[in-house]
Amino acid sequence: QVRVVESGGGLVQAGGSLRLSCTASGLTFDDYAMGWFRQAPGKEREGVSCLSWSGATTYYADSVKGRFTISRDNVKNTLYLQMNSLKPEDTAMYSCAANLRTHCSASLSPYEYNYWGQGTQVTVSS
(Lines give C-alpha, C1' and ligand atoms only; values in the text may rest on other atoms or scores of the structure.)
Protein backbone atom coordinates (compact mmCIF):
# COMPACT_ATOMS: atom_id res chain seq x y z
CA GLN A 1 0.00 0.00 0.00
CA VAL A 2 1.37 3.38 -1.02
CA ARG A 3 1.60 5.97 1.72
CA VAL A 4 2.62 9.60 1.29
CA VAL A 5 3.11 11.81 4.34
CA GLU A 6 4.03 15.51 4.46
CA SER A 7 5.50 17.44 7.37
CA GLY A 8 7.15 20.74 8.15
CA GLY A 9 4.31 23.19 7.75
CA GLY A 10 3.58 25.90 10.26
CA LEU A 11 3.07 29.59 10.90
CA VAL A 12 5.80 31.97 9.73
CA GLN A 13 6.10 35.70 9.23
CA ALA A 14 6.41 37.19 5.77
CA GLY A 15 10.00 37.00 4.59
CA GLY A 16 10.66 33.87 6.61
CA SER A 17 11.49 30.33 5.54
CA LEU A 18 10.14 26.82 5.95
CA ARG A 19 11.25 23.43 4.69
CA LEU A 20 8.61 20.88 3.90
CA SER A 21 9.33 17.16 3.79
CA CYS A 22 7.44 14.32 2.20
CA THR A 23 8.12 10.65 2.70
CA ALA A 24 6.70 7.97 0.44
CA SER A 25 6.50 4.25 1.13
CA GLY A 26 5.00 1.29 -0.66
CA LEU A 27 6.52 2.27 -3.99
CA THR A 28 9.96 2.34 -5.54
CA PHE A 29 10.55 6.00 -4.74
CA ASP A 30 13.52 6.57 -7.04
CA ASP A 31 11.62 5.30 -10.08
CA TYR A 32 9.15 8.18 -10.10
CA ALA A 33 8.83 11.89 -10.50
CA MET A 34 7.42 13.81 -7.55
CA GLY A 35 5.63 17.09 -7.17
CA TRP A 36 4.43 19.69 -4.67
CA PHE A 37 1.01 21.29 -4.91
CA ARG A 38 -0.93 23.78 -2.84
CA GLN A 39 -4.52 24.78 -2.33
CA ALA A 40 -5.72 27.91 -0.62
CA PRO A 41 -9.29 28.22 0.70
CA GLY A 42 -11.73 28.89 -2.12
CA LYS A 43 -9.11 28.30 -4.80
CA GLU A 44 -8.22 25.42 -7.06
CA ARG A 45 -5.23 23.23 -6.40
CA GLU A 46 -2.15 24.55 -8.19
CA GLY A 47 1.16 23.01 -9.03
CA VAL A 48 4.13 24.49 -7.20
CA SER A 49 7.07 22.41 -8.38
CA CYS A 50 8.09 18.98 -9.57
CA LEU A 51 11.24 17.03 -10.27
CA SER A 52 12.27 13.96 -12.17
CA TRP A 53 13.22 10.62 -10.64
CA SER A 54 16.88 11.64 -10.39
CA GLY A 55 16.23 15.23 -9.41
CA ALA A 56 18.10 16.45 -12.48
CA THR A 57 15.06 18.12 -14.05
CA THR A 58 12.92 20.54 -12.08
CA TYR A 59 10.01 22.84 -12.85
CA TYR A 60 8.52 25.68 -10.84
CA ALA A 61 5.41 27.78 -10.97
CA ASP A 62 6.22 31.36 -11.91
CA SER A 63 4.90 32.54 -8.56
CA VAL A 64 7.60 30.67 -6.63
CA LYS A 65 10.60 30.78 -8.98
CA GLY A 66 13.69 32.07 -7.24
CA ARG A 67 12.16 31.57 -3.80
CA PHE A 68 11.38 27.83 -3.56
CA THR A 69 13.71 24.90 -4.19
CA ILE A 70 12.59 21.31 -4.68
CA SER A 71 14.93 18.41 -4.00
CA ARG A 72 14.86 14.73 -3.16
CA ASP A 73 16.90 12.15 -1.29
CA ASN A 74 16.30 8.78 -2.90
CA VAL A 75 18.14 6.95 -0.14
CA LYS A 76 15.71 8.34 2.44
CA ASN A 77 12.66 8.16 0.14
CA THR A 78 12.07 11.81 0.93
CA LEU A 79 11.05 14.85 -1.08
CA TYR A 80 11.76 18.40 0.13
CA LEU A 81 10.54 21.90 -0.60
CA GLN A 82 12.70 24.71 0.74
CA MET A 83 10.59 27.86 0.84
CA ASN A 84 12.32 31.20 1.32
CA SER A 85 11.09 34.80 1.24
CA LEU A 86 7.60 33.61 2.04
CA LYS A 87 4.66 35.87 1.27
CA PRO A 88 1.12 35.92 2.68
CA GLU A 89 -0.13 34.70 -0.69
CA ASP A 90 1.86 31.48 -0.17
CA THR A 91 -0.58 30.53 2.58
CA ALA A 92 -2.17 27.21 1.63
CA MET A 93 -2.34 23.51 2.30
CA TYR A 94 0.72 21.97 0.68
CA SER A 95 0.61 18.41 -0.60
CA CYS A 96 3.10 16.19 -2.32
CA ALA A 97 2.29 13.57 -4.88
CA ALA A 98 3.92 10.78 -6.86
CA ASN A 99 3.77 10.72 -10.64
CA LEU A 100 4.14 7.18 -11.91
CA ARG A 101 6.51 8.28 -14.64
CA THR A 102 10.20 9.03 -14.43
CA HIS A 103 9.74 12.65 -15.52
CA CYS A 104 7.18 15.32 -14.77
CA SER A 105 6.00 18.05 -17.08
CA ALA A 106 6.25 21.80 -16.84
CA SER A 107 2.47 22.02 -16.85
CA LEU A 108 2.45 20.91 -13.18
CA SER A 109 -0.98 19.42 -13.77
CA PRO A 110 -2.27 17.55 -10.72
CA TYR A 111 -4.04 15.13 -13.06
CA GLU A 112 -0.70 13.55 -13.90
CA TYR A 113 -0.17 12.41 -10.30
CA ASN A 114 -1.35 9.16 -8.82
CA TYR A 115 -0.64 9.09 -5.09
CA TRP A 116 -1.24 11.98 -2.72
CA GLY A 117 -0.55 12.86 0.87
CA GLN A 118 -2.96 14.56 3.24
CA GLY A 119 -1.07 17.82 3.21
CA THR A 120 0.61 20.16 5.65
CA GLN A 121 -0.64 23.68 6.36
CA VAL A 122 1.57 26.68 5.67
CA THR A 123 0.42 30.04 6.99
CA VAL A 124 2.36 33.22 6.30
CA SER A 125 1.45 36.26 8.35
CA SER A 126 2.00 39.81 7.14
Side-chain angles (χ1 to χ4, degrees):
Q1 182 178 356
V2 176
R3 188 163 182 247
V4 178
V5 180
E6 303 92 339
S7 62
L11 174 64
V12 64
Q13 288 189 331
S17 298
L18 282 175
R19 188 175 83 153
L20 306 183
S21 298
C22 167
T23 59
S25 59
L27 52 73
T28 307
F29 183 78
D30 57 3
D31 277 354
Y32 304 123
M34 297 290 294
W36 284 102
F37 297 81
R38 67 186 182 186
Q39 187 168 21
K43 295 188 176 181
E44 291 189 357
R45 177 179 283 168
E46 65 168 336
V48 175
S49 182
C50 71
L51 81 173
S52 62
W53 68 277
S54 66
T57 304
T58 59
Y59 297 105
Y60 295 92
D62 287 344
S63 57
V64 307
K65 276 181 185 175
R67 299 188 298 123
F68 291 11
T69 303
I70 192 171
S71 62
R72 66 191 296 163
D73 184 333
N74 286 343
V75 173
K76 296 181 178 179
N77 284 12
T78 302
L79 177 72
Y80 302 101
L81 186 69
Q82 178 67 43
M83 306 187 294
N84 298 329
S85 303
L86 283 161
K87 304 175 182 180
E89 51 264 44
D90 294 318
T91 295
M93 181 70 76
Y94 284 71
S95 301
C96 77
N99 178 336
L100 297 187
R101 296 181 176 89
T102 57
H103 288 76
C104 57
S105 68
S107 69
L108 296 172
S109 170
Y111 297 104
E112 296 180 356
Y113 292 76
N114 306 88
Y115 296 105
W116 293 81
Q118 293 296 311
T120 185
Q121 177 68 37
V122 171
T123 303
V124 184
S125 63
S126 57

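This structure is a prediction, so every number in the text was calculated from the model and none was measured. Residue numbers run from 1 in the order of the sequence given.
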Query - Criterion side chain to side chain contact (heavy atoms under 4.5 Å, CB included) on Gln121 and Leu11, from CA distance to verdict - result: CA-CA 8 Å; Gln121 177 68 37; Leu11 174 64; over 6 Å; no

Please give me the minimum heavy-atom distance between [X] and [Y], naming the atom from each residue.
X      : Y      : value
Ala61  : Gly47  : CB-O, 3.4 Å
Ala97  : Phe37  : CB-CE1, 4.2 Å
Asp73  : Phe29  : O-CE2, 4.0 Å
Ser52  : Cys104 : N-SG, 4.3 Å
Ala14  : Pro88  : CB-CD, 4.1 Å
Val124 : Thr91  : N-OG1, 2.9 Å

Any heavy-atom pair between the side chains of [Y] and [X] that's under 4.5 Å?
X      : Y      : result
Gln118 : Val5   : no
Trp53  : His103 : yes
Leu100 : Tyr115 : yes
Val64  : Arg38  : yes
Glu112 : Ser107 : yes
Asn114 : Val2   : no

Verify same cluster id: [X], [Y] (apolar side-chain graph, 4.5 Å):
X      : Y     : answer
Phe68  : Val12 : yes
Tyr80  : Met83 : no
Leu27  : Met34 : yes
Tyr113 : Val48 : no

Inter-residue atom distance [X].[atom1] - [Y].[atom2], 0.5 Å rounding:
X     : Y     : atom1 : atom2 : result
Leu81 : Thr69 : CG    : OG1   : 8.0 Å
Leu79 : Ser21 : CG    : OG    : 8.5 Å
Asp31 : Asn99 : CG    : CG    : 12.0 Å
Arg72 : Asp30 : CZ    : CG    : 7.0 Å
Ile70 : Thr58 : CD1   : OG1   : 7.5 Å

Query raised in the report: Distance-only, no hydrogens or angles: does the Arg67 side chain make a donor-acceptor pair with backbone N or O of Ser85 under 3.5 Å?
Result: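 Yes; judged by distance alone, with no hydrogens or angles, the pair exists.
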
Query raised in the report: Got a donor-acceptor contact below 3.5 angstrom from the Ser49 side chain to the Tyr59 backbone?
Result: yes

Query - Intermediate values then yes/no, side chain to side chain contact (heavy atoms under 4.5 Å, CB included), Val4 and Cys96 - result: CA-CA 8 Å; Val4 178; Cys96 77; 3.2 Å; yes

Report task. Please report the C-alpha distance between Tyr60 and Leu108 in whole Å, then the side-chain angles of each, then the deciding distance to 0.1 Å, and finally whether the side chain to side chain contact (heavy atoms under 4.5 Å, CB included) criterion is met. Result -> CA-CA 8 Å; Tyr60 295 92; Leu108 296 172; 5.9 Å; no

Query raised in the report: If you measure only the distance, is there a donor-acceptor pair under 3.5 Å linking the side chains of Asn84 and Ser17?
Result: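 Yes - a donor-acceptor pair under 3.5 Å links their side chains.
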
**Report entry** Salt-bridge contact Lys87-Asp90 (side-chain N to carboxylate O under 4.0 Å)
**Finding:**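 Asp90 and Lys87: not salt-bridged.
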
Query - Criterion side chain to side chain contact (heavy atoms under 4.5 Å, CB included) on Glu6 and Trp36, from CA distance to verdict - result: CA-CA 10 Å; Glu6 303 92 339; Trp36 284 102; 4.0 Å; yes

